[in-house]
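For reference, the structure discussed in these notes is given below.
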Amino acid sequence: MPSAISDKVKICIDRGGTFCDVIAMSESKGDHLVKLLSVDPDNYPDAPAEGVRRVLEWFTGDKIPRNQPIDTEKIEFLRMGTTVATNALLERKGERCALLINKGHADALDIAFQTRPFLFQLAVKKPDVLYSKVVEIDERIIPEWDEFVEEGKTVSDNGERLIKTSSGVTIRELKPLAIEEVTESLKGLLEEGYRSIAIVLAHSYLWPEDEQKIAEIAQDLGFTNVSVSSEIEAKIGFIARGQSATADAYLTPEVKKYLNGFAKGFKGRLEDSNCRVSFMQSDGALADFKKFSGLRAILSGPAGGVVGFAKTSYDPLDGSPVVGFDMGGTSTDVSRFSGTYEHVFETTTAGISIQVPQLDINTVAAGGGSILTYSNQIFNVGPASAGAHPGPACYRKGGPLTVTDANLFLGRLHIDSFPKIFGSTEDMPLDYEVVKQKFEELTNQINEENKSNLTPAEVASGFINVANSSMARPIRALTEQRGFRTSSHNLSCFGGAGGQHATALAALLSMHYVIVHKYSSILSAYGMALADVAVDVSEPFVQEFSSKYLSIIDKRFDGLKDRALQKLIDQGESQESVVYDCYLNMQYQGSDTTLMIARPEDGDFAKAFVEEHRREFAFVLDAPIMVAAVRVRATAKAPSNNLSETSPYIEELRQLESSELIIPDPQPFATNSVYFEELGKFQDIPLYKLQDLRPGMKVAGPAIILDKTQTIVLHPQNTARILKSHVYIDVGLGPKKAIELTSVDPIQLSIFNHRFASVAEMMCRALQKTAVSVSIKERLDFSCALFDPKGELVANAPNVPAHLGSMQYCVMYQTERRKGQLKPGDFLLSNEHTAGGGHRPDITVIQPVFDEAGKEIVFWVAARGHHTDIGGLGGNSHHPNAISSDEEGVRFESTFIVRDGVFNEKEIVDAFMAAGNYPDCKPTKRIDHNLSDLKAQVSACAVGTAQLHALFAEYGKDVVHFYMRAIRSNAEACTRDALKPYAGKTYKATDYFDDGTVVKVKIDVRADGSATFDFTGTGPEVLANFNAPPAITRSGILYCLRTMSGTDIPMNAGVLAPLDIIIPEGSVLFASEDAAVSQGNGEVAQRIADIIFTAFNVMSGSHGSMNGTHLFYKQYCWGETTCGGASAGPTWDGQSATHTNMTNTKIGDLELLESRFPAILREFSVRRGSGGAGQHRGGDGIVRVYEARVDMEASHDGQRRVIAPHGSEGGEDGIRGASYLNKRKRNGDGLRLVKLKPAAQFKMLRGEQLIVHTAGAGGWGIPPGKENAKHAQQNGTYVVSKPGSVPPPFTRANGSVSQWNQTQAECD
């Protein structure tokens, strides 16, 4: 007997930034779509509620007034995705909240990782924090150091409590929680009007009890929202977990406020309704609207799109993985699905770390509204967007040229098929004429500058190609970087603008098929109809993986299943519907790269981990496998959800292929003149309405298929097959159009810029993911780059500006040193400063890239990483007393690390051990870390080589080399253009190191943009370790020119081509073979940047030092550089507590430091008032206090301890830095504070403290109230931010591809 037809409607809504999409489904009336503006206060107060009202009018046939609550009796379920949380975070419009955090760390989340978001900016600006007030909690726990752990011991020798946690880790309670003090502080916050708080205590992921106690008190007192960091995600990372908790406190009240307002539009406020109301979370699961939180709502809408394409475009019968391509108005989201959802567990959005499970979605700032610009002979698409107002030029609101305009001009948008809603009267069609005029004007400009003869159509088509190239970068990263072939994927296209680009993008990526669902333009809303309710629960479990622990792990899984089940039952789900997926978060011992491993069918987690590691990183380590956490994802499978198909399209395709039915040819409804690059001209092509096309019909390109909400462009080689629910497009990959080499095409120049930069980025990601050391993996002290056959820089992805220009001299040295000696598969190792290196810890792995025949070197790739422990004087390569290069650790001039496919481990180990052969020197204590990081560097180079081979296979050697040279010539031209405004003057500056060594520069800029940088007069080599090779000075010049230009100069060898650089031999800037250089790499680089900026008078002096700290205990070593105050300028205050100029490495996280090394970080705070006063104040330095838990060696070296950072234009100097030792008195009774030398190595006894104060920056301009004071007027050329230097907007989704990018944005 057939089941009765339901008389209820299912409604799914995606409330985006511009439009609100609604899809309604019913068994009796079919499907119904509604599209309305997300904000239209003149007509309705809330777009989703208005969408529901319109759906119900359609479904019931009754008129429903707007001003009365909506009856939900006829609604089976209501599901929704929203941008409320995303917008609140991006626009900083969340709830006023307070932060409760450990004493001494009130500024921890403000300082965060100490990196500046945009490398090449004069005016440093870090993202604003989300909280309004901080309360310090006098509580502290730390993981017990392994040597001190005694099984069963509950009290330490000094009376401190020891607690064995459920994670297997013993913690020591240094300071118990003071309940009364906490209660009084909370009462004070209530009196000040705070109702939302975030609680963040160090190591609470291991022992959450104190956070939970504070939360209970707060809830009893009446706080309406309490965000507890250990409940959000029990995972190591004080800063990430803390920022997540503050984001939750900031966003959840805002989301609740919206939900309450939304509920008011319905009868009974949805409380007693049989209608199930759910919201989409960032992890792709639904949550009951009462359980919906702000932190899990960041990717609410995009997550619906991932579920949508996963359920409609992945076909199990075929098994081909799918890349989701969601192109909207301002940006494009890309993601991947191969049968299971791919999650990431820590991302960064709007400068805030989000540490909760999210679908691996990556946003690139290229959408239909992305603005098209031309500068420095480069075609640029985005990152700026025209938005809805003024919108593209064709919207008749005076907007700029955009991607949408390019598609319109090329005929790919049919004007008559668009509603007439444009212009001031909102009743006019798209404006073709203004677009035509603007493209003609831009083409004239391009042709005049390049002496070219491009047509407007070629220019518009070029911008489309550049946009496609930009969107291809994250797709390659999602696939190739993780060991998957891009070409084996299908491309699922959705979003309003996706159909115009999908087939060209697929061809660019060598993908064979594009899949377009019938609801592709509203797939995020449709995906919510296909989604399930699910919860994710996890807990730390720190243990070496072994079969003897499997029973314990199974018990952990059972406990998590019970927790997850209860959460689902609380949302109204039944136990029978729940299925569980169990995971172990695993890593190699000593590595921080974790892989989430699902329970394999054979139960062998270790084997599954090794296979996954080998696939993603191309190697495995000979090290124990550790478990970091256990995780369970519980999903309530909805039995009524019959929308998902067993085979979305493959079965239908097979039936069509075997069918003998005669299917008529499709009939177009119109034609349009369209330009295709493949044809080289405009041509009239047929236009088809999708609703007129029957399943089985074929549409051959060139053609356009339209429906009410989307346009699908078929290129000449494409063939579309119409199916019941899909358009299935065979891309028809054929030979690529030959590229002319008679002159430089600015379009191809832009594309090759993207391609070369993409290769360097892939190398960087491979290195970061596979390294084991904190220095490379966490602090990001590494860089990767590509070089031409002569060893000159082509493209790079630097995290450390000091590496910018110096790496090429290392590679150039090897090209001469090993000429004629190399074979395919060889890898070289070098760190000697006379061989082009910077300092010994920066070890560079170099690989020649041979042609297909293995005869000719056609490229070089290199990966440089900082190795904290390489031996040296007293075991420290940075020893402040080092006066000879022999005392600075391991030496590699030109060593084969891989030869004939063999990793030369013995020779490498012998070299590391030989560093201890010199008087008072010791070798490395962690050779295992050195070898692992070197293997990671080899792996990164192998990734680069493979990608370059693919590039040569795609374009041919002649084309690749032609544009390699063209990019270098372009960089030279850009440098000349950047210097021309300074022509006709001489710029001078003098500065000093703290020992009195002088640094001088004289800069003469000529009318053609060439210049001489003359450092004559600089002091001689010093009997200390801050000498530097010439490569460091060149890097400093390159960084300053790029930053001062305010434009995106390609960073390659061409930048220095128009410069004569005079560095006197025998000076501190030209280190001899015997000179010690370990600090010169950093301190000289900082001084070079400061002195050049001073010469041009663009800003005040920065804190100007690397401020390096090293701690040593047995085989353990901890090293980091520390931030200070950033310079003030003519229009900006200096940023406090950030890295400046020639470094941008991350600071070690408190929890990582205290877990990896026997030390306590007692304080990390802003040194308020240390920045120089002025019309614009200099940024403040910091205070960082380390306490020894055992007797150890320590060193700290820094500059600006004697010579203060200078003020400019009457601004006052910044306060100098200093370092101190809180030293135990001889009789053991207390501590005494002693000041250390600017560079000092010393012993620290247990309980003693190293206190580091870094300098503040100088101020700019006469301080208020001191206008009559005398001051030095330099009257230099002030450089202000230019359009090209405007930082890109924050993107909403930064998944696995974008994690490492955050700290080196704008580098390419």
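Keep in mind it's a predicted model, so treat the numbers as computed, not measured. These values consider heavy atoms only, across backbone and side chains, with no hydrogens, waters or symmetry-generated copies.
Contact of the W145 side chain with the P1158 side chain is registered, since non-hydrogen atoms from C-beta on lie closer than 4.5 Å. At least one side-chain heavy atom of I1251 sits under 4.5 Å from a side-chain heavy atom of H1253. Within the 4.5 Å cutoff, no side-chain heavy atoms of L201 are placed close to those of R140. A heavy-atom distance below 4.5 Å is not found between the side chains of K133 and L99. Side-chain contact check for N225 versus Q219: every heavy-atom pair is 4.5 Å or farther apart. Looking at H1103 and Q1199, their side chains never come closer than 4.5 Å, going by heavy atoms from C-beta outward. Between E1163 and V1183 there is a side-chain heavy-atom pair separated by less than 4.5 Å. Residues H1110 and W1118 fail the side-chain proximity criterion, which asks for heavy atoms closer than 4.5 Å.
The closest side-chain donor-acceptor pair between T1138 and Q114, if any, does not fall under 3.5 angstrom. Residues S204 and D210 have side chains that never bring a donor and an acceptor to within less than 3.5 angstrom of each other. Under 3.5 Å, the side chains of S1195 and H879 contain no donor-acceptor pair of N or O atoms.
Atom SG of residue C1123 and atom CD1 of residue I1182 lie 5.0 Å apart, to the nearest 0.5 angstrom. From R116, atom CZ reaches atom CD of Q121 across 9.5 Å, with rounding to the nearest 0.5 Å. Rounding to the nearest 0.5 Å gives a distance of 9.0 Å between CZ of R1189 and CD of E1187.
Comment: R195 does not engage E95 in a salt bridge, judged by the lack of any side-chain N to carboxylate O separation of less than 4.0 angstrom. Using a cutoff of 4.0 Å between basic side-chain nitrogens and carboxylate oxygens, K103 and E136 are not scored as salt-bridged. Between R1184 and E1120 there is a salt bridge, since at least one side-chain N of the basic residue sits less than 4.0 Å from a carboxylate O of the acidic one. Classification of R172 and E1154 as a salt-bridged pair fails, no side-chain N sitting under 4.0 Å from a carboxylate O. In this structure, D107 pairs ionically with R1168, as a charged nitrogen and a carboxylate oxygen lie closer than 4.0 Å.
The closest donor-acceptor contact from the side chain of D1149 to the backbone of F238 lies under 3.5 Å. Counting only distance, with no hydrogens or angles, the side chain of N1107 and the backbone of T1121 share no donor-acceptor pair below 3.5 Å. S196 places a side-chain N or O within 3.5 Å of a backbone atom of A249 that can act as its donor or acceptor partner. Counting only distance, with no hydrogens or angles, the side chain of R1162 and the backbone of G104 share no donor-acceptor pair below 3.5 Å. Judged by distance alone, the side chain of D1213 and the main-chain N or O of A1204 form no donor-acceptor pair under 3.5 Å.
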Exercise for the section: Show your reasoning for whether ring-ring contact (aromatic ring centres under 6.0 Å, His included) applies to H1196 and F1242. Expected result: CA-CA 9 Å; H1196 181 79; F1242 45 91; 8.6 Å; no
Exercise for the section: Assess whether ring-ring contact (aromatic ring centres under 6.0 Å, His included) is satisfied between Y1039 and F120, documenting all intermediate values. Expected result: CA-CA 8 Å; Y1039 170 79; F120 301 108; 5.6 Å; yes
Handout entry: Full working for side chain to side chain contact (heavy atoms under 4.5 Å, CB included) between I137 and L177
Key = CA-CA 8 Å; I137 302 297; L177 181 67; 3.6 Å; yes
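Within a 6.0 Å sphere centred on CD of E192, heavy atoms belonging to other residues, nucleotides or ligands number more than 12.
Every residue two or more places apart in sequence or in another chain that forms a side chain to side chain contact (heavy atoms under 4.5 Å, CB included) with S244 is listed here: I232, L295, Q355.
Of the candidates E233, E1151, E231, R241 forms a salt bridge (charged side-chain N to carboxylate O under 4.0 Å, His left out) with just one, namely E1151. The one candidate from R1246, M1244, R1232, Q1249 that meets the side-chain contact (heavy atoms from CB on, under 4.5 Å) condition with R1224 is R1246.
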